[in-house]
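Shown next, in structure tokens, is the structure this report addresses.
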Number of protein chains: 2
Amino acid sequence: MSKAAATRETILKKAFDLVYRQSYQATSIDDIISQLQVTKGAFFYHFRNKDMMGLAMIREVMAPNMEPYMIHVLGSTPDALEDIYQMVKGLLLLNPTLDSRYGCPAVNLIEEMAPVNEEFRKALMQLMLKWQDALEKHLREAQIIGQVGKEHDAKQIAMYITAGYSGIRNIGKIFGNQAYVNYLQQFKIYLESLR
Amino acid sequence: MSKAAATRETILKKAFDLVYRQSYQATSIDDIISQLQVTKGAFFYHFRNKDMMGLAMIREVMAPNMEPYMIHVLGSTPDALEDIYQMVKGLLLLNPTLDSRYGCPAVNLIEEMAPVNEEFRKALMQLMLKWQDALEKHLREAQIIGQVGKEHDAKQIAMYITAGYSGIRNIGKIFGNQAYVNYLQQFKIYLESLR
DNA sequence: TGCAAAACATACCAACTAGTATTTTATGTC
DNA sequence: GACATAAAATACTAGTTGGTATGTTTTGCA
């Protein structure tokens with residue numbers, strides 16, 4: 001990787017780091033560059049403005065980051081519903097980069113930016129669709145091999161699962177990790193009802 | 001009500017209005033007062049600083065506002081689970097003051113402020129607890145009269161329901177009202193599994 | 001009716017914001 | 001090694017922010 005590409009990448013990664021803890025709008029460009037050996041000239045050489053940087057952050061940091069935990073993890077056990085349970089449990093309790101206090105980077109950005117910036121909304125919708133589509137496909141395959149009842153709507157279930165995850169990320173911000181533990185118990189009950 | 005109390009109230013209500021659409025941190029004091037016949041002197045006479053106003057807004061506008069739709073509505077049909085379904089449906093699809101684009105005022109504020117301001121976190125936790133406690137009580141009564149299985153944990157279900165609601169408010173910001181309709185179908189299935 | 005306190009109005013400030021204009025340095029290519 | 005361009009550094013600006021200092025008006029009440 002060229003030095004220029006490395007500069008661009010460090011900006012995006014530091015931005016992601018700060019945005020996760022402070023929100024996008026509360027993270028200033030000065031915030032980002034002051035924690036790196038990067039000046040404002042470099043920042044605006046690589047990005048036309050702050051929003052272009054934010055969109056690049058979604059596509060080049062957040063999208064690749066989520067794949068292993070939200071998509072590739074599906075298929076790691078013999079049981080499809082257990083896979084899904086483990087995916088959510090992994091995200092909530094086992095992922096060392098995520099903190100109940102700060103929630104989920106994607107959920108946070110949707111909450112903050114979708115209503116006020118149409119380009120962010122679209123980019124974040126792509127992110128969420130990638131997850132939902134993977135879940136839907138996983139559920140359909142489970143229906144074929146008899147692990148999930150054929151009477152259920154895979155697409156709807158996929159959306160319901162992501163909604164539940166988003167929601168407990170919100171509740172977790174006020175009640176902490178204990179909310180995750182309680183949620184997972186009810187989530188398990190829900191998943192079992194799909195067999 | 002005294003004129004001074006009225007001034008205070010209009011500030012809080014206009015703040016709520018703007019915060020709902022723009023978020024708390026993106027709503028400036030100038031924003032609020034410029035849309036009213038109120039000056040900065042009046043604002044800082046009634047509130048020590050912006051955050052004290054925000055906390056007053058939670059306790060004096062948001063908390064009373066939520067009660068009819070989130071608590072008193074429980075008990076309006078003969079069936080406890082139908083009550084809960086209608087409550088969520090009412091919030092998502094029938095409430096004219098809420099918009100899928102902007103989500104739910106309480107969920108938004110939790111998402112934004114809980115991680116960065118401990119006082120906001122506590123005030124919002126009280127808000128959420130009031131809802132969860134009402135749901136829990138409602139579920140316990142339903143268990144006694146045989147409308148909900150006694151094997152279920154009412155407190156956990158109450159939290160799970162609020163998490164689901166929070167989550168679909170998030171998803172709704174990117175997919176719009178159609179997400180609400182889909183969610184409600186799955187939510188109904190979940191509720192029925194509790195009988 | 002007088003007067004103190006409450007309620008508000010006005011003018012201001014220092015810190016911070018995204019973004020620009022201009023200059024300097026690094027890098028690859030012939 | 002010359003030269004063009006990419007990459008980055010520096011200094012600046014206009015606008016916005018929460019908050020303050022100080023002055024004026026309104027209100028309740030002795």
Side-chain angles (χ1 to χ4, degrees), chain A residues 1-58 60 109 112-113 115-120 123, chain B residues 1-58 60-61 108-109 112-113 115-120 123:
Chain A
M1 182 169 37
S2 74
K3 192 159 171 263
T7 302
R8 183 190 158 95
E9 194 179 291
T10 63
I11 290 174
L12 291 176
K13 284 192 172 165
K14 177 57 75 179
F16 172 77
D17 191 53
L18 291 173
V19 167
Y20 176 49
R21 284 177 289 137
Q22 305 181 351
S23 88
Y24 174 77
Q25 295 181 85
T27 299
S28 71
I29 294 167
D30 286 340
D31 264 353
I32 298 165
I33 61 176
S34 73
Q35 296 194 19
L36 301 169
Q37 290 91 321
V38 165
T39 61
K40 201 163 273 199
F43 183 96
F44 281 96
Y45 175 79
H46 286 285
F47 308 101
R48 184 149 45 87
N49 53 36
K50 191 189 173 188
D51 282 357
M52 288 302 115
M53 185 281 297
L55 291 168
M57 184 193 76
I58 295 173
E60 297 171 36
L109 213 51
E112 180 187 6
M113 295 305 290
V116 296
N117 187 306
E118 178 64 11
E119 286 192 273
F120 274 70
Chain B
M1 180 171 41
S2 74
K3 192 159 172 264
T7 301
R8 183 189 157 94
E9 196 179 288
T10 62
I11 291 173
L12 290 176
K13 284 192 171 164
K14 176 58 74 179
F16 171 76
D17 190 52
L18 291 173
V19 167
Y20 176 49
R21 283 176 291 138
Q22 304 181 349
S23 91
Y24 174 78
Q25 295 181 87
T27 299
S28 72
I29 294 168
D30 286 339
D31 263 352
I32 298 165
I33 61 176
S34 73
Q35 297 194 18
L36 302 169
Q37 289 91 323
V38 166
T39 61
K40 200 164 272 197
F43 184 96
F44 280 97
Y45 174 78
H46 286 286
F47 308 102
R48 186 151 43 87
N49 54 36
K50 190 189 174 188
D51 282 357
M52 287 302 115
M53 186 280 298
L55 291 168
M57 184 192 77
I58 294 173
E60 296 170 36
V61 179
N108 293 354
L109 212 52
E112 179 186 7
M113 295 305 291
V116 296
N117 187 305
E118 178 64 10
E119 287 193 272
F120 273 70

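In what follows, chains are A, B, ... by sequence order, proteins preceding strands, each numbered from 1.
For S23(B) (side chain) and V19(B) (main-chain N/O), no donor-acceptor pair under 3.5 Å exists by modelled atom type.
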Self-check item: Reading 5' to 3' through nucleotides 10-30 of chain D, protein heavy-atom contacts under 4.0 Å coded B for base, S for sugar-phosphate only, - for none
Solution: B------SBBB------S---
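At least one side-chain nitrogen or oxygen of Y45(B) sits closer than 4.0 Å to the OP1 or OP2 atom of dA7(C). Listed pair T7(A) / dA7(D) fails the phosphate criterion, with no side-chain N or O lying under 4.0 Å from OP1 or OP2. Residue H46(A) places at least one side-chain N or O closer than 4.0 Å to OP1 or OP2 of dA8(D).
Salt-bridge check for R21(B) with D17(B): passed, with a basic side-chain N closer than 4.0 Å to an acidic carboxylate O.
The heavy-atom pair separating T10(A) from L36(A) by the smallest distance is O-CD1, 3.7 Å. The minimum heavy-atom distance between A15(B) and M53(B), with the atom names listed, is CB-SD, 3.6 Å. Between H46(A) and A4(A), the closest heavy-atom pair is CE1-O, 3.3 Å.
Under the salt bridge (charged side-chain N to carboxylate O under 4.0 Å, His left out) criterion, K40(A) pairs with D30(A), sequence neighbours left out. F16(A) is linked by a ring-ring contact (aromatic ring centres under 6.0 Å, His included) to nothing, counting only residues two or more places apart in sequence or in another chain. Residues passing the side-chain contact (heavy atoms from CB on, under 4.5 Å) test with E118(B) are R121(B), K122(B), sequence neighbours excluded.
L36(B) places its CG atom 18 Å from the P atom of dA7(C), with the value rounded to the nearest Å. The distance between atom CE of M52(A) and atom C1' of dG19(C), rounded to the nearest whole Å, is 14 Å. When rounded to the nearest whole Å, the span between CD of Q37(B) and P of dA7(C) equals 19 Å.
An angle of 10°, rounded to 10°, separates the two end axes of the helix from dT1(C)-dA30(D) to dC30(C)-dG1(D), each defined over five pairs.
Across residues 13-23 of chain B, not one residue has a non-hydrogen atom less than 4.0 Å from an atom of DNA chain C.
Of the candidates Y45(A), F43(A), F44(A), F47(A) forms a ring pair (Phe, Tyr, Trp, His ring centres under 6.0 Å) with just one, namely F43(A). Under the side chain to side chain contact (heavy atoms under 4.5 Å, CB included) rule, L12(B) has a single partner from K14(B), R8(B), E9(B), which is R8(B).
Remark: K50(B) is positioned above the aromatic ring of Y24(B), its terminal NZ or CZ atom under 6.0 angstrom from the ring centre and at most 45 degrees off the axis.
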